[in-house]
Structure formats: C-alpha cells, structure tokens
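The next block holds one structure in the form of structure tokens; read it before the comments.
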2 protein chains.
Amino acid sequence: MNRNRPTMLDVAKESGTSLKTVSRVVNGESGVNPELVTKVERAVKKLHYRHNLTAGSLRRLGGRTKTIGLLLENVSNPFSAALHRTVEDCARARGIEVMTGSLDGDSARERELINGFIARRVDGLIVVPSSDDHKYLVNERRAGTQFVFIDRPALNFNSDAVTATNSEGVEEAVTSLISLGHKRIAFLGDFEGIFTAKERHNGYRKALRSSKIPVDKELEKLGFHNESEIEAFLIDLLSRQNRPTAIFTAQNVITLVAIRVLRSKNLHHKIALIGFDELPLADLLDPAISLVTQDIHAMGSIAAQLLFDRIDGVKSGYEERVVPTTFTQRASGLIKA
Amino acid sequence: MNRNRPTMLDVAKESGTSLKTVSRVVNGESGVNPELVTKVERAVKKLHYRHNLTAGSLRRLGGRTKTIGLLLENVSNPFSAALHRTVEDCARARGIEVMTGSLDGDSARERELINGFIARRVDGLIVVPSSDDHKYLVNERRAGTQFVFIDRPALNFNSDAVTATNSEGVEEAVTSLISLGHKRIAFLGDFEGIFTAKERHNGYRKALRSSKIPVDKELEKLGFHNESEIEAFLIDLLSRQNRPTAIFTAQNVITLVAIRVLRSKNLHHKIALIGFDELPLADLLDPAISLVTQDIHAMGSIAAQLLFDRIDGVKSGYEERVVPTTFTQRASGLIKA
DNA sequence: GTGAAAGCGCTAACAT
DNA sequence: ATGTTAGCGCTTTCAC
C-alpha cells in the first residue's frame, strides 16, 4: 500500500514547520531560512519521505509530469534499442523519465499505447509510427500533449519529424554497384505502405534511371510477411537463368536472410550484396557486408530536443529534419558483375 | 497545457449525469443503466475526454498507478533489450506500462533512477542491479513499492530474484573443451564484484578441478575497463610461448573482441573459443561460435510474474528462481588442442 | 520569509 | 441504480 508513505504534512509536523515550507524545500525553491531547510531535510530523512510527483502534477501549472512516452517498432530490435538509449540520455539530462512501448507495425497498438500513455499524462511522445493516419492526434495536441515523429513522418497530421536520407542513401549504394558493372540488381524491401520502404525503393529506381538501366520488375519485391517468404523469393531468384549479379536488401532482417541464402548456395563471393541498416558483426563476416546506415544518435537527439522545446512551449512552425545516412563500403559491395 | 483537458465533471454535465456515474462507466463497472452508459460514452467522445489515471491513483486504495519500472544495464544492449521486450509483453497483458532506465554499472545511477521512479509512484520495480548494497530499499518496500531482482540477486536485501545457472553453464562448456584435450584454457571475465562474473568464474574453476587441471593464474583475467584492455590482454596472451589452446570469454563484448583478435592473428581456426551470452550472427562466422546463452524470455516472464504477484499482495517468502542456461556447440568450440 | 486555505481530477464511503 | 461529499498529496494563491 502506498498509503503508508509519509506526506508533506507529516514532514511539516515532524520538523515543526508548515506544509508549504516543506514544499519549498523539497522543490529546491530559494528564499527559505537555512535553519528551516535543515529542519525539513532532517525530517525528510527521518521519515523516509519521498516526493510524489504525480500528485504535484495535478495542481501544477501546465500539469507537467516530467515523463515522456517513446513508441518504437520493437524495443528489442537494434535500431529501436539504440534510439531508446539516445532518447533516455537526453531525457535524463533534464530529469525526465521515459515510458516505452513496441508497436510491431500494428496501428491499433499505436492507438492503444498512446491512450495508455496519455492516461498517465506524459508530457509528450516520440513516435516511430505504425499507423497511416494520425488525424486522431489533433485533439491530443490541442489538449496539451506534444508529438514528434521519428524515422517516418506523420500522415494527415502536421508535426515535427526527424527522418533519414533513405532515398539518397540507397541511390548512392546502388550507383556504386552500377559503376562496378552491375546491370541486373535485385531490390528486396518492405511494403510500399511504409514510408521508409517507399523512399528506399525510390532511391533504387533513381539510381537505375540515372544510368539508363531499365527496371526489371522480376528483380524487385516489396513486402514480405515473414522470413521464410524472403528466403523463398531469394532461392527462386538465384536459381533463375538470368539471375541478378547484385542484390540490395533494404532492411536488416532481409539482409540477414540474404546472407544466409547466398552462403547456402555458395554464391556469397559471386553475387554482390549491400544492405540497409546496421548489422552487428557485419564487418567480421566473409565477405564483410557493405551497409547503408542511419545516424541513430543524431536522429534521437534531434527528436528529443524538438519534443522538449515543444513541451517548454515553443510555438514555431513544425520542422521536418532530415539526417544523412552513411554508406560503408566493404567486400560484399565490391564484388564485380 | 493539460489544463484544457475536460474532466469527469465536464462529461457529467454534458451527459446530464453525475460525476460518479461517469467514473463508473469510464472504469467499466457493472450495474449502470445501459441508457446512461450510452449517454456518457457519447459525451466522452464529443469532449475527447481522456481518463486521468494519475489523479485516480491518488485516491485509489493502495494507490496503484499500473506502471512499473525496469532498470537495466543498458537498454541498447541485446540482453537488456530482449529482457525489456519480454517484460513489456507480460505487462501489456495486464494493462501495465513500463518505464525504463540504463544503469551502466553505476550504483549512484541506480539510486537516482529508483528515486525518480518512486517519485512517479511506480507499483514495483524489476532491477538488474548495479549496486552492491540494497539495504536502502527496505524503507521503499515498507512504503509499498515491490522489487524483483533479475540476472543478479540483491545484496543485504531479502527479495525475489531470478538468475541463470551461470556456474553450471560455464562448467559444461569448459568441460567440453577439456574433453577435446585442452589443458591450457584461458578465462576472460568481468570484475569479480559482479555476481554473474564470479559465478561464471566459479564454473570455470570447477571444471578444471574436476579434471585435476591446475589453475594457471596467467591464463585468467577478471575485469577490464574497456575494449582496448581486453584486446591488449589477448594480444599478449596469444604471443606467449605457452599460449592457451582454448579461450572462454565470459561476456559478449569480450567474446566479440576475442573473435577480432583471433582473426587478426589468423588463429581463429587453431585456438578454440567459447563465449557466454547470445551473439547475433554467431552461427554465420567462420568458424561459427560456440556459446553458452541465457533463456532471457523465461527469466523476464518469471520476474514479471513474481512482481505482479507481489503487487497483488502475495505475502509468501521471497523466492530465488534459477533458469537453466543452454550450451550451443558450434565449430569454434570443437577445435582440438 | 512563512503559512493557511483552496482546489487539481479522481475514487471511496456513504447516502438515497 | 445513482448521486453527494470528502479527501488523496500536492501546488497555487494570497494573506501575513
């Protein structure tokens, strides 16, 4: 029972001061007689008093709870986890705690979790969205909850957002493949409904167009429901007569499966491979894997800063900040056509 | 400003009912006239009412906030992240949200974060501890906050805990090396002050003892301050005349460095290696890496269940649950002496 | 500089 | 079955 916790009134009685003085001391307000401060602090220690921030937020102007929500694709995937850590560090510097949740691409879960966080009155939310319509947030923002989107922008909802140069990053990587003589380059990505997936596909198409290589739809596939679908597509792809000489995998799980399939067919030294997203140990594989990666630290810090500014009342127009990707060339991307 | 959010009183007025009826409907209590339910629900929708759980917890018996805290080593490391996901899933099933924080092995941070979470009145905490004295939690538990420890038990604080068979897991792996003829087996682990590090070292020593292999302190090192120290020790170790024929690395970062160093010396096919902790892509390296791993899902679920039971008022004696590790033998562990 | 009183949004206890 | 009132622990407002 939290009921047995002492309150400010208990501390006031114990220290022979008033409730308000205790409040001032606990909140570190200036202008309190040092003697009283000592008395209060002694009583706090003696009674093991713990400030109740949630009660305070009820009456506090603006009702701030110094808690934010962070909605990720899945807290256990490396991209989400790294983003989480960055946001946590930014929040810690300001005495803000972070509540997290995984959406798994489910738009219903997005709404549920946002409702759950709002019921706990978070001051704002950083969201890697899973839904394709964020109109429903208009009322929440009007009521005082701030939102910043990350990785993908909001849809039907004008807001701050931080994204990466998905298209340009892929374009650079695919162009490098073309310059090595590749003309048949496969592209495996997520469903086009996902913003990042579409952007990455656009980058691939642009690179082909610039080099006047016609699109071969047989070499493209967007959207897989699970790993075995990826595997099946790749096995089919590689068994064709006119199989590709290079593969671009636009997401880390797809890259992982591609590595395994290429190995199992003993083609990992014959067919070039470049993937999108960080992959632990990618540099230790044989061949080492070329990757296009996002600057997660920059993305997370910018998103956190944007959110904190909004919570602090900044009213300027909504910003969309774009963070450059990095192309790390390794052996798998240098295999010639 | 959260101030503009409508309250139950606004909903009551809009629906022509009373505050208490609104409360009943919002909380899904039975025994309310369906007509009134409809009226209230209509008003809730119209006004975009959002229940304020934090206000409710103030008055609610037991003061539950339906929020728990999860303190991890570092939310972005794979072990922590996987644990986080498991706990999140267990919590979600009960409508509980999770606040998280990274301790980085810092005991001051542990206290700070616990204080921050208690200030927000979490119902309980699941802790991978970083401090070596948890006496200070006695008062918190007395005041109604529940604690479950995971990965390492609490010190000077009697509580529920979930750990893995660290010692037995290592013993099994090292014994397998011995049975392949290895007698000079190096052991690299974390500082002995860390529970898991000590346990893993114990397992190593037990395996040697059972086979009557004398301990060679030159082959052991416990505690590194950073990756370059690990690297330096390994480089020295491998350049000795009587270098080890096998290495056991008792933690994932150490295993990673060992993989890199063995490769750089071209010894990865000559010296056996077994590591502790999961390593993504370990099966795709050449040689594939043998690992002793923890059942993170089981550990997380058990910890969550223990915590929820305590929150629900279970008063039985504190339990220490031990979850078996798994030894996955791959090529790196099968290299002979 | 300090304190008393009101009230934040809700639930509990008690009417009706 | 529904409503009224008090009060959770705190911050605000305002008086001293």
Side-chain angles (χ1 to χ4, degrees), chain A residues 1-40 43-44 47-67 118-121 123 143-144, chain B residues 1-40 43-44 47-67 118-121 123 143-144:
Chain A
M1 303 292 142
N2 273 323
R3 207 44 26 88
N4 6 11
R5 285 198 182 273
T7 72
M8 282 191 175
L9 204 62
D10 298 319
V11 176
K13 280 175 191 156
E14 175 71 29
S15 61
T17 63
S18 76
L19 192 163
K20 180 64 225 195
T21 299
V22 175
S23 170
R24 280 193 256 261
V25 172
V26 166
N27 288 292
E29 286 173 34
S30 61
V32 181
N33 186 326
E35 271 183 41
L36 288 190
V37 173
T38 315
K39 276 190 190 173
V40 169
V44 163
L47 301 179
H48 305 292
Y49 171 77
R50 294 287 173 265
H51 189 41
N52 186 337
L53 253 170
T54 77
S57 76
L58 210 54
R59 196 66 170 72
R60 198 175 7 254
L61 286 167
R64 296 286 169 245
T65 54
K66 300 209 110 198
T67 305
I118 286 178
R120 288 162 182 81
R121 291 301 185 268
D123 298 332
Chain B
M1 303 295 138
N2 273 324
R3 208 41 28 88
N4 7 11
R5 284 198 183 272
T7 71
M8 282 193 175
L9 204 63
D10 297 320
V11 176
K13 281 176 190 156
E14 175 69 30
S15 62
T17 63
S18 76
L19 191 162
K20 183 65 223 195
T21 300
V22 175
S23 170
R24 280 193 255 262
V25 172
V26 165
N27 288 291
E29 285 173 34
S30 61
V32 181
N33 186 326
E35 270 183 44
L36 286 190
V37 172
T38 315
K39 276 190 189 172
V40 169
V44 162
L47 300 178
H48 306 292
Y49 170 77
R50 295 285 173 267
H51 189 41
N52 186 338
L53 253 171
T54 77
S57 76
L58 212 53
R59 197 64 170 71
R60 199 181 359 259
L61 285 167
R64 297 287 168 243
T65 54
K66 300 209 110 195
T67 305
I118 286 178
R120 287 162 183 81
R121 290 301 184 270
D123 298 333

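Every chain is numbered from 1 and lettered A, B, ... according to where its sequence line falls, protein lines coming before strand lines.
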Checklist entry - Quick one: L9(A) CG to dG7(D) P, roughly how many Å, whole number? => result 13 Å
Table of protein N/O atoms under 3.5 Å from nucleotides 1-5 of chain D N/O atoms:
| unit_1 | atom_1 | unit_2 | atom_2 | d |
| --- | --- | --- | --- | --- |
| dT2(D) | OP2 | N33(B) | N | 2.5 |
| dG3(D) | OP2 | S18(B) | N | 3.1 |
| dG3(D) | OP2 | S18(B) | OG | 3.1 |
| dG3(D) | OP2 | T21(B) | OG1 | 2.5 |
| dG3(D) | N7 | R24(B) | NH2 | 2.9 |

Checklist entry - Closer than 4.0 Å, any side-chain N/O of S23(B) to the OP1 or OP2 of dC10(C)? => result no
Checklist entry - If you measure only the distance, is there a donor-acceptor pair under 3.5 Å linking the side chains of R120(A) and T67(A)? => result no
Checklist entry - Which whole-number value in Å describes the distance from L58(A) CG to dC8(D) C1'? => result 9 Å
Item to check | Rounded distance (Å) that lies between atom P of dC8(C) and atom CZ of R59(B) | outcome: 16 Å
Checklist entry - Taking only side-chain nitrogens and oxygens of N52(A), does any of them come within less than 4.0 Å of OP1 or OP2 of dC8(D)? => result no
Item to check | Interatomic distance where CE belongs to M8(A) and P belongs to dA4(C) [whole Å] | outcome: 16 Å
Checklist outcome for this item: Between CZ of R50(B) and P of dC10(C) the distance, given in whole Å, is 12 Å
Checklist outcome for this item: N27(B) has its side chain closest, among dT11(C), dC10(D), dG9(C), to dT11(C)
Next on the checklist: Between M8(A) and K20(A), does the side-chain contact (heavy atoms from CB on, under 4.5 Å) criterion hold? Intermediate values first, please.
Outcome noted: CA-CA 8 Å; M8(A) 282 191 175; K20(A) 180 64 225 195; over 6 Å; no
Checklist entry - Atom CG of L61(B) and atom P of dC8(D): how far apart are they, to the nearest Å? => result 12 Å
Next on the checklist: Minimum heavy-atom separation for R64(B) and G144(B), please, with both atom names.
Outcome noted: NH1-O, 3.8 Å
Checklist entry - side-chain contact (heavy atoms from CB on, under 4.5 Å) between L47(A) and K13(A): does it pass, once the steps are laid out? => result CA-CA 11 Å; L47(A) 301 179; K13(A) 280 175 191 156; over 6 Å; no
Item to check | Separation of dG9(C) C1' from R60(B) CZ (nearest whole Å) | outcome: 12 Å
Checklist entry - Where the side chain of N33(A) meets the backbone of E35(A), is there a donor-acceptor pair that is under 3.5 Å apart? => result yes
Checklist entry - Among side-chain atoms of S57(A) and T54(A), is any donor-acceptor pair under 3.5 angstrom? => result no
Next on the checklist: Tell me whether R121(A) contacts the main-chain N or O of I118(A) through its side chain, where contact means a donor paired with an acceptor under 3.5 Å.
Outcome noted: yes
Checklist entry - Taking atom P of dT2(C) as reference, at what distance in whole Å does atom CD of E29(A) sit? => result 12 Å
